[in-house]
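Below: the structure, in structure tokens.
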Amino acid sequence: MAAAVNSAFLRHYIHSLSQTPHRLKKRMLATWTPDQELNQVRQRSGADMKRKLKWFDLIALGVGGMLGVGVFVTTGPVALHVTGPAVFLSYIIAGISALLSSLCYTEFSVHISAAGGAFSYLRLTFGEFVGYFAGANIIMEYVLSNAAVARSFTEYLCVAFGEKEANAWRVEVHGLLKGYNMLDFPAVALILLITLCLCHSTKESSTLNLIMTVFHVIFFGFIIGCGMYKGSANNLVKPGGLAPFGAKGVLDGAAIVYFSYIGYDSASTLAEEIQNPTKSLPIGIVGSVIITSALYCLMALSLSLMVPYDQISEKAAFSIAFQRIGWKWASNLIGGGASLGIVASLLVAMLGQARYLCAIGRARLVPFWLAKVHPSTGTPLNATLFLGLCTASIALFTELYIVIEMISIGTLMVFYLVANATIYRRYVMVSKHPPSRVLLFLVFLSCSAIGFSLSWKLNQQWWGLSFFSASTIFIIALFHYKVPSHHSSEEWLVPLMPWPAAISIFLNVFLMTTLKMLSFQRFGIWSCLITLFYVMYGVHSTYKAEEMEMNNRVGEVTNVNSTLQPNKLDIQVL
């Protein structure tokens, strides 16, 4: 019996694969309307998520999600190997790019208040495959970054308890490859604990995050104040000057520390759980990016003031810096505070990753059981548990340096796509301009950004930099003049369009090209794998789901018509 069932399933699957070209043609560019996304698609999860969050919850979640990741994880290695004391300038550049991207996210989240974030925005704008590609990259970036951050938690907790070696609480396994041979059980325990907390309730998790974030901001103020007080301006210029690796090092550093800004986009995934999303989302998303950017820059500056850049520790940089200025008591305090901040950032990031996977499950691009919302807790229970286990597995083995640039390239690619989608939506779907004109502008803008970036990368060719800078400004100005934006909506919109979104596109392309070739190779492999999954599973699943829903709608219409139509016997009696 089982053999017959398996044989029938195999034949059915082979038949589906034979229909792949037809189904790809029908599904790859298929889009949904915002109304369908907010009603028809959302209902697939069964129970609704509970709207309990307010604007201050959103700011706390955004700030809590970002603080603790960047400063405590990336500042040390970037300052030591890439930028020197100018690491704070890298944070400024990355912060400007993140702010522009956050404006694009905000416009979408106000008009499409769905849990899918960038996945939903791109699926509604550019079609199913682009949305799926972005969603898969977002989940990859979240899982890898959460695993890396959890391992940093162990390092700072070691310092808090007076350990001198950052790997003191890890177990070395001989025979495994370097970078995968230090097993981190405290990181695994932390991830599993947060996973269980998130399964219980979003509101209680948000309240816990709010408390931790308040303490964390005060803690940041303590570090900044002490760093400014005990630091010396001489450390900014000795040895080697403010930027010993040159302007190229500062910009390369900006691409790497962009990892620090993962977190604000998770606020957009909570759109289904926010009271009054139209007003709360702009305040929460943009406000959290501004606050975090300011704190990041001041923290990085205080570290550069405390010790010369060539003495900054690659691991637990702030704790070791305080040890070197003679404040061992502060070093232990910072280890504990950093650990608390990392817990808060993990809480928010793992909250967001489950909502992304839930939305992708609703679209039937992954197994549908991942989309289910638990009726009593109002949380995506299956998605939370599944991603929690994946994150814990990676955190057990994998060192930070292996995943950090892979995370940055995925983040930059998604933000690049969202900025493109913002322009397309505003000028084609809202202002009703011809799509060809807008797409041509986006292609020319991206080509100009690539030209500038390659000129910078290839020994900084100044003639190329000048030409592509001027052409970028000309392209944006011409589009602004020739293709006006018309809108009658009273809801929040990105101001001064298309400039913020266009500059975001330019910066994301530029920052991507500063990453190492290995990042692109790993990204290429990942892209091939997720595309293969879409061709082998996703497109067939969505095609069948859409076909079933259309048949159901036809059946409902037929039933209604037959009910409304009197039969002949009734007419004769009358």
Measuring from Leu305:CG to Asn234:CG, what's the distance to the nearest 0.5 Å? 10.0 Å
Kindly assign one of parallel, tilted or perpendicular to the pair Phe452 and Trp456, based on the angle between their ring planes and the thresholds 30° and 60°. parallel
For Phe444 together with Phe479, are the ring centres under 6.0 Å from each other? no
Mind checking whether Leu58 and Ile283 have side chains closer than 4.5 Å, heavy atoms only? no
Flag, side chain of Ser302 to backbone of Met299, donor-acceptor distance under 3.5 Å: yes
For a quick test of reading the model, state the closest non-hydrogen atom pair linking Ser453 to Ala449 and the distance between them. OG-O, 2.7 Å
Grab the two heavy atoms, one from Ile476 and one from Phe441, that are nearest each other, plus how far apart they are. CA-CE1, 3.9 Å
Please check this pair: side chain of Arg170 against backbone of Asp184, looking for a donor-acceptor N/O pair closer than 3.5 Å. no
Does the side-chain contact (heavy atoms from CB on, under 4.5 Å) test come out yes or no for Asn420 and Tyr424, once each step is laid out? CA-CA 6 Å; Asn420 277 275; Tyr424 187 87; over 6 Å; no
side-chain contact (heavy atoms from CB on, under 4.5 Å) assessment of Trp526 paired with Asn137: CA-CA 8 Å; Trp526 171 249; Asn137 274 290; 3.4 Å; yes
Minimum heavy-atom distance between Ala255 and Thr514, given as atom pair plus value: CB-OG1, 2.9 Å
Cys104 versus Thr422, closest heavy-atom pair with distance: CB-OG1, 3.2 Å
On a heavy-atom basis, which atom in Val63 and which in Thr292 lie closest, and how many Å separate them? CA-OG1, 3.8 Å
Thr472 side chain to Phe468 main-chain N or O, any donor-acceptor pair under 3.5 Å? yes
Rounded distance [0.5 Å steps], CG in Leu303 versus CD1 in Ile320: 11.5 Å
What do the steps show when you test Phe245 against Tyr309 for side-chain contact (heavy atoms from CB on, under 4.5 Å), and what is the final call? CA-CA 11 Å; Phe245 300 96; Tyr309 85 89; 3.9 Å; yes
Are more than 12 heavy atoms from other residues, nucleotides or ligands located less than 6.0 Å from atom CZ of Phe215? no
Mind checking the CD1-CG spacing from Ile139 to Leu387? Nearest 0.5 Å is all I need. 6.0 Å
If the condition is side chain to side chain donor-acceptor pair (under 3.5 Å), which residues does Glu107 pass it with, not counting sequence neighbours? Arg425, Arg426
Okay, side chain of Ser304, backbone of Ala300: is any donor-acceptor separation there less than 3.5 Å? yes
Within this structure, what is the SG-CD1 distance for the pair Cys297 and Ile93, rounded to the nearest 0.5 Å? 10.0 Å
Close side-chain approach of Ile194 and Leu190, heavy atoms under 4.5 Å: yes
Determine whether a donor-acceptor pair (N or O, by modelled atom type, separation under 3.5 Å) exists between the side chain of Arg151 and the backbone of Leu396. yes
Hey, what's the ring geometry for Phe510 with Phe506, parallel, tilted or perpendicular (30° and 60° as the breaks)? parallel
Flag the pair Val188 / Leu183 as yes when at least one side-chain heavy-atom distance between them is below 4.5 Å, and no otherwise. no
Can you name the closest pair of heavy atoms from Ala79 and Ile312 and give their distance? CB-CD1, 3.8 Å
Are the side chains of Val286 and Leu103 in contact, using a 4.5 Å heavy-atom criterion? yes
Using the six-membered ring wherever Trp is involved, compare the ring planes of Tyr91 and Tyr296 and label them parallel, tilted or perpendicular (cut-offs 30° and 60°). tilted
Ser97 side chain reached by Leu511 side chain, heavy atoms, under 4.5 Å: yes
For Phe467, does the CZ atom sit with more than 12 other heavy atoms under 6.0 Å from it, leaving out its own atoms? no
Would you check if the side chain of Thr391 reaches a backbone N or O of Ala147 as a donor-acceptor pair within less than 3.5 Å? no
Student check: side-chain heavy atoms of Ser109 and Ile285 closer than 4.5 Å: yes
Between Tyr229 and Trp327, how do the two ring planes meet: parallel, tilted or perpendicular, split at 30° and 60°? tilted
Could you grab the distance from atom CD1 of Ile505 to atom CD1 of Ile423, nearest 0.5 Å is fine? 4.0 Å
Determine, stepwise, if the pair Ser504 / Asn508 fulfils side-chain contact (heavy atoms from CB on, under 4.5 Å). CA-CA 6 Å; Ser504 178; Asn508 285 321; 3.3 Å; yes
Any side-chain heavy atom of Phe415 within less than 4.5 Å of one from Tyr105? yes
Is there a side-chain contact between Val250 and Val82, using heavy atoms and a 4.5 Å cut-off? no
One should read off an interatomic distance between Met497 CE and His480 NE2, to the nearest 0.5 angstrom, of 9.5 Å
